[in-house]
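For reference, the structure is listed below as structure tokens.
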Amino acid sequence: MSEKKQPLLVVAGPTASGKTALGIALAKEYGGEIISADSMQIYKGLDIATAKPTAEETEGIPHHLISEIDMGVSFSVADYVKLAKEKISDIAHRGKLPILVGGTGLYINSLIDNVNFDTAETDGSVRRRLEQEAGALGNEAMHERLRSVDPETADAVPSQNIVRIIRALEVYELTGMTFGDYKRMNMGKNSPYRVCMIGLNFRDRSRLYDRIDRRVTLMAENGMVEECRAVYENEKLGTVCQAIGYKELIPYFRGEDTLESCLDKIRQSSRRYAKRQLTWFRRDERINWLYLDEIYNFNEFIEICNKITTKNPDFGRDFLILHSAFLILNLINMFAKKEILCYNDN
RNA sequence: GGAAGAGUUCCCGAGUGGCCAAAGGGGGCAGACUGUAAAUCUGUUGCUUCGGCUUCGGUGGUUCGAAUCCACCCUCUUCCA
């Protein structure tokens, strides 16, 4: 059973931790191709604000699921999983190693844990109606309604979290199941992948935050503001309107706030986002964390790599040996170049 | 030099004698999350051996009791010279 599963390398971590660079390095080493797991990079446009890798940065490595969706379209996890599965099998059929790289934890987990979204197939009309009702009746009333059909979920979701409440009600209307039953039925069965997960992080959180702050400054210098302004003036947006960088700049475009103040808001939002990402990823015990601010010596490298490889026997012996060697070389390199991972800086 | 005002817990800011370790917001930290997820939401945020202990610019008073009243001092802001 397990020998038929498709190997999938996953690089996860908070924003600005260097996922893109590590992904590319791994792809070069193994003849891999990158599949982005990023809810914003998948949209066309906002290239700078969403920190898409530039043409030079990709070093010729094919990147998938970046700039694929028009900005006016609403896109969801369900759509993502569908597309990503296709890409992965396509890459695998060409004899390449698929490497999933991204910071959208929900997308990554839904994909690798094989969450089934077909049970509650929807065109969005139920959802829209429930949202309207919530607007008219208030959160409390919706929470009570949920309690009457699905007390388990009502207990688990605070009445303030209207997004969750509406989804649970939507699932109930669509399937007749409580949200708990729905999840138990559709989650984590028979994943077609054997994953090796690598997580990037810093032991000292302020190091991460510094990188985020610096990166925002660099983005602004590289044209993020102009890029966002053009979108603000010309585009109808779907899910992308939530992109950090874009939404914080709107008060500036309206003349209601200064540029510097808005840039600070972007830094702030990014830091808080990074923290939420960490909260999501930290609970996944499959992730092998690499702390970029730790001074590793050679023996420690061997140890870390052994740990990773023994935890992922499915990946095969040759792969593992290569993998270990690679990680050692690459990490040493990263440190030698002093955090080359930070958005082209210096 | 004269007049008025202000100094509160990481920040902003409420509090004008007890119900104040001190509202509220921000930030930080921790968590939840499975069709909007760069979203949405929750908890927590002086120390503690949980009995207490030390906080509201400083010092000294008044009072049973002060962040709140009085005196002086320090710092800052605005206004008049």
Side-chain angles (χ1 to χ4, degrees), chain A residues 14-16 19 36-43 46 49-52 69 72-83 102-128 130-131 134 139 142-143 153 155-171 173-175 179-189 191 205-206 208-209 212 215-216 219 228 237-249 261 264-284:
Chain A
T15 188
K19 299 183 295 293
S36 164
D38 187 301
S39 65
M40 294 299 152
Q41 288 185 357
I42 197 159
Y43 282 98
L46 294 179
T50 63
K52 291 176 190 169
I69 308 294
V73 174
S74 276
F75 189 80
S76 77
V77 215
D79 304 314
Y80 176 79
V81 169
K82 229 170 277 173
L83 288 183
T104 305
L106 177 68
Y107 285 13
I108 293 175
N109 281 301
S110 298
L111 175 70
I112 66 180
D113 294 334
N114 202 32
V115 177
N116 172 24
F117 293 103
D118 299 336
T119 321
E121 201 78 60
T122 172
D123 62 1
S125 60
V126 175
R127 172 83 130 256
R128 273 191 296 278
L130 287 166
E131 281 168 354
N139 297 182
M142 299 307 273
H143 195 233
T153 304
D155 280 341
V157 179
S159 63
Q160 297 93 317
N161 200 341
I162 193 63
V163 173
R164 285 277 126 63
I165 292 170
I166 288 178
R167 166 95 270 245
L169 286 169
E170 180 188 27
V171 166
E173 287 199 25
L174 255 22
T175 67
F179 198 55
D181 288 341
Y182 167 79
K183 282 195 295 187
R184 281 184 280 276
M185 180 177 176
N186 295 299
M187 278 182 69
K189 286 194 219 149
S191 172
R205 182 92 110 235
S206 62
L208 210 215
Y209 287 176
I212 289 171
R215 183 158 84 163
V216 171
M219 285 174 165
C228 289
L237 299 184
T239 315
V240 238
C241 66
Q242 299 173 338
I244 291 172
Y246 174 76
K247 65 171 182 282
E248 287 79 5
L249 245 16
S261 162
D264 275 338
K265 294 265 166 50
I266 294 174
R267 295 183 181 100
Q268 187 92 111
S269 300
S270 302
R271 281 183 245 129
R272 290 165 60 83
Y273 170 49
K275 198 173 172 307
R276 264 177 283 133
Q277 289 176 299
L278 252 9
T279 299
W280 179 285
F281 290 128
R282 273 188 297 210
R283 69 179 174 181
D284 194 330

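Order of the sequence lines sets the chain letters (A, B, ...), proteins ahead of strands, with each chain counted from 1.
Across the P atoms, B:U16 and B:U77 are found 28 Å apart, a figure rounded to whole Å. Comparing the P positions of B:C56 and B:C11 gives a spacing of 14 Å, expressed to the nearest Å. As rounded to the nearest Å, B:G61 and B:G15 have C1' atoms that lie 23 Å from one another. On the P atoms, B:C20 is 25 Å away from B:U63, given to the nearest whole Å. Across the P atoms, B:C19 and B:G65 are found 15 Å apart, a figure rounded to whole Å. B:U54 and B:A67 have their C1' atoms separated by 14 Å, given to the nearest Å.
Listed for the A:Thr104 side chain is a donor-acceptor partner under 3.5 Å among the backbone atoms of A:Ser39.
Dashed line: the shortest gap from a side-chain N or O of A:Gln277 to OP1 or OP2 of B:A38 is not under 4.0 Å. Dashed line: the shortest gap from a side-chain N or O of A:Lys275 to OP1 or OP2 of B:G31 is not under 4.0 Å. The side chain of A:Arg272 contributes no N or O atom lying less than 4.0 Å from OP1 or OP2 of B:A38. For A:Arg167, no side-chain nitrogen or oxygen approaches OP1 or OP2 of B:A37 to under 4.0 Å. Between A:Thr279 and B:C33 there is no side-chain polar atom (N or O) within less than 4.0 angstrom of OP1 or OP2. Not one side-chain nitrogen or oxygen of A:Tyr80 sits closer than 4.0 Å to the OP1 or OP2 atom of B:U36.
Here B:U36 presents its P atom at 8 Å from CZ of A:Arg164, a figure rounded to the nearest Å. In this structure, the NZ atom of A:Lys52 is 15 Å from the P atom of B:A38, given to the nearest Å. Distance, A:Ile166 CD1 to B:A37 P: 15 Å, rounded to whole Å. Remark: C1' of B:G25 and NZ of A:Lys265 are 13 Å apart, rounded to the nearest angstrom. Atom pair A:Gln268:CD and B:A38:C1' shows a separation of 14 Å (rounding to whole Å applied). Separating the CZ atom of A:Phe75 from the P atom of B:U34 is a distance of 19 Å, rounded to the nearest angstrom.
With hydrogens and angles ignored, a donor-acceptor pair closer than 3.5 Å exists between the side chain of A:Asp38 and the base of B:A38.
In a base pair of the Watson-Crick type (N1 to N3 plus N6-O4 or O6-N4) or a G-U wobble (N1-O2 and O6-N3), with each distance short of 3.5 Å, B:U55 is matched with no nucleotide. In this structure, B:G35 makes no Watson-Crick or G-U wobble pair, since no nucleotide meets both defining distances under 3.5 angstrom. As the counterpart of B:A30, B:U42 is assigned, both hydrogen-bonding distances of the Watson-Crick or G-U wobble pattern falling under 3.5 Å. Both distances falling under 3.5 Å, in either a Watson-Crick or a G-U wobble arrangement, place B:C79 opposite B:G2. Using N1 to N3 plus N6-O4 or O6-N4 for Watson-Crick, or N1-O2 and O6-N3 for G-U wobble, each under 3.5 Å, B:G65 pairs with nothing.
More than 12 heavy-atom neighbours from other residues, nucleotides or ligands sit within 6.0 angstrom of CZ on A:Arg184.
Along RNA chain B, the nucleotide closest to A:Arg276 and the one closest to A:Asp113 are compared, and the more 5′ of them pairs with A:Asp113. Of the two residues contacting RNA chain B, namely A:Gly103 and A:Asp118, the nearest-nucleotide position lying further toward the 5' end is that of A:Asp118.
When all heavy atoms are compared, the tightest approach of A:Lys52 to A:Tyr43 is NZ-O, 2.7 Å.
Here the side chain of A:Lys183 is nearest to one of B:G27, B:U34, B:A37, namely B:U34.
Here the straight-line distance linking atom OG1 of A:Thr15 with atom CZ of A:Arg271 works out to 12.5 Å at 0.5 Å rounding.
Under the 4.0 Å criterion applied to side-chain N and carboxylate O atoms, A:Glu131 and A:Arg128 are not assigned as salt-bridge partners.
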**Message:** Checking A:Asp79 against A:Ser76 for the side-chain hydrogen bond (donor to acceptor under 3.5 Å, both in side chains) test, could you report, in this order, the C-alpha distance in whole Å, the side-chain angles of both residues, the deciding distance, and whether it holds?
**Reply:** CA-CA 5 Å; A:Asp79 304 314; A:Ser76 77; 3.3 Å; yes
